[in-house]
Peer 1: 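The structure that follows is given in the form of structure tokens.
Note that ligands are numbered from 1 as they come in the structure, with each ligand's atoms numbered from 1 the same way.
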Amino acid sequence: MTRQYRVVMVRHGESEWNLQNLFCGWYDAKLSDIGREEAHASAKMLQEAGLEFDVCHTSLLSRANDTLDVILREIGQPNLPIYKSWRLNERHYGALTGFNKLQTAQKYGAEQVQIWRRSYDIPPPPIEEDHKYYSAIVSNPKFAQDLSKDEIPKTESLKTTLQRVIPYWEDVIAPQIRQGKRVLIVTHGTSLRGLVKHVQQMSDEAIQKLNLPNAIPFYYDLDENLRAVRPLRFLADEETVRREMEKVASIGK
Ligand SMILES: O=C(O)[C@@H](COP(=O)(O)O)OP(=O)(O)O
């Protein structure tokens with residue numbers, strides 16, 4: 001019989017900067033109060049689906065780390081091994097970091113903003129040293145262990161994000177899945193879209209239309225080559241998923 005594996009993924013709960021509709025990227029925004037509640041709700045969905053884990057993966061950013069902590073406590077697995085990597089960080093939003101998405105659309109046009117947000121390979125303009133949030137990002141001590149200041153990206157598209165996410169999947173996550181470990185990944189919109197594209201072998205065009213909601217877990221059943229045997233499945237009803245996806249797709253209020 002062909003061996004099948006499962007992997008579960010969750011985008012973090014709403015962050016303070018999601019709430020304010022700001023481009024966030026590598027800025028270390030905290031979870032909002034709603035985001036924390038969403039993390040609890042997410043844990044409940046995992047529990048109701050009877051899912052348990054052996055190991056989990058997250059980025060170096062608080063919004064993903066704190067969502068994972070809430071989930072693990074709530075599902076009664078607070079002591080699971082947690083792997084944290086910069087490779088799972090959100091895409092770097094370059095010079096757009098800290099700007100309001102709607103105001104940016106009013107300035108540059110909604111079409112341009114959607115190109116920056118969702119195109120496969122067109123990155124936002126790079127962040128410059130005099131940018132308000134440049135120092136907060138390059139001086140974040142969490143990044144210093146793995147990256148020199150010069151190695152921290154200045155901007156990233158989905159394509160360049162994938163170039164760092166996929167080696168992590170192949171070298172760290174995939175071997176654990178093959179060993180039969182039940183893996184949970186809690187990270188960000190773009191790093192997850194990179195994983196989805198890879199696992200589901202989506203085209204550069206198709207992935208541009210996918211908007212991942214905050215804190216609704218989804219899973220893949222994988223074949224022996226760790227490719228999805230069917231599209232991702234969310235642990236929420238279709239109407240909720242559709243509504244939450246639309247919220248993410250919109251440039252916002
Ligand atoms: O960086 C950001 O602003 C959001 C994604 O924003 P969009 O690409 O959906 O505009 O990332 P996340 O909240 O998943 O960490």
Peer 1: If hydrogens are left out, which of Arg118, Gln114, Lys101, His92 has an atom nearest to atom 9 (O) of ligand 1, that is, the closest non-hydrogen atom?
Peer 2: Arg118
Peer 1: Does an N or O anywhere in His188 fall below 3.5 Å from an N or O of ligand 1?
Peer 2: yes
Peer 1: Cation-pi between Arg91 and Tyr93: NZ/CZ under 6.0 Å from ring centre and within 45° of the ring axis?
Peer 2: yes
Peer 1: Taking NZ, NE, NH1 and NH2 as the nitrogens, is one of them in Arg242 or Glu238 under 4.0 Å from a carboxylate oxygen of the other?
Peer 2: no
Peer 1: Do the ring planes of Tyr133 and His131 sit parallel (below 30°), tilted (30 to 60°) or perpendicular (above 60°)?
Peer 2: tilted
Peer 1: Establish, yes or no, whether the cationic atom of Arg182 lies under 6.0 Å from the six-membered ring centre of Phe53 and within 45° of the ring axis.
Peer 2: no
Peer 1: List the steps and the verdict of side-chain contact (heavy atoms from CB on, under 4.5 Å) for Tyr219 and Val7.
Peer 2: CA-CA 6 Å; Tyr219 68 91; Val7 62; over 6 Å; no
Peer 1: Can you list the atoms of ligand 1 that are under 4.0 Å from a heavy atom of Asn18?
Peer 2: 13 (O)
Peer 1: Quick one: look up the protein heavy atom nearest atom 11 (O) of ligand 1 and list residue, atom name and how far away it is.
Peer 2: Glu90 OE2, 2.5 Å
Peer 1: Could you check if a side-chain atom of Ser59 sits within less than 4.5 angstrom of a side-chain atom of Asn65, using non-hydrogen atoms only?
Peer 2: yes
Peer 1: Would you mind listing which atoms of ligand 1 come within a distance below 4.0 Å of any non-hydrogen atom of Arg117?
Peer 2: 7 (P), 9 (O), 10 (O)
Peer 1: Hey, is ligand 1 close enough to Val248 that some N/O pair sits below 3.5 Å?
Peer 2: no
Peer 1: For atom 7 (P) of ligand 1, which of the options Trp116, Tyr93, Phe23 provides the nearest non-hydrogen atom?
Peer 2: Tyr93
Peer 1: Name the closest protein heavy atom to atom 1 (O) of ligand 1, giving the residue it belongs to and the distance to 0.1 Å.
Peer 2: Gly25 N, 2.8 Å
Peer 1: Count the heavy atoms belonging to other residues, nucleotides or ligands that lie under 6.0 Å from CD of Gln145, then report whether that count exceeds 12.
Peer 2: no
Peer 1: With a 4.0 Å cut-off on heavy atoms, is Leu22 touching ligand 1?
Peer 2: yes
Peer 1: Assess Glu14 for proximity to ligand 1: is some non-hydrogen atom of it under 4.0 Å away?
Peer 2: no
Peer 1: If the test is salt bridge (Lys or Arg N to Asp or Glu O under 4.0 Å), which one of Lys197, Arg193, Lys159, Arg118 qualifies with Asp204?
Peer 2: Lys197
Peer 1: In the protein, which heavy atom is nearest to atom 3 (O) of ligand 1, and how far is it?
Peer 2: Cys24 N, 3.0 Å
Peer 1: Within ligand 1, which atoms have a heavy atom of Arg63 less than 4.0 Å away?
Peer 2: 15 (O)
Peer 1: Excluding sequence neighbours, so at least two apart, what forms side chain to side chain donor-acceptor pair (under 3.5 Å) with Asp237?
Peer 2: Thr240
Peer 1: Any idea which atoms of ligand 1 are less than 4.0 Å away from a heavy-atom of Gly189?
Peer 2: 14 (O)
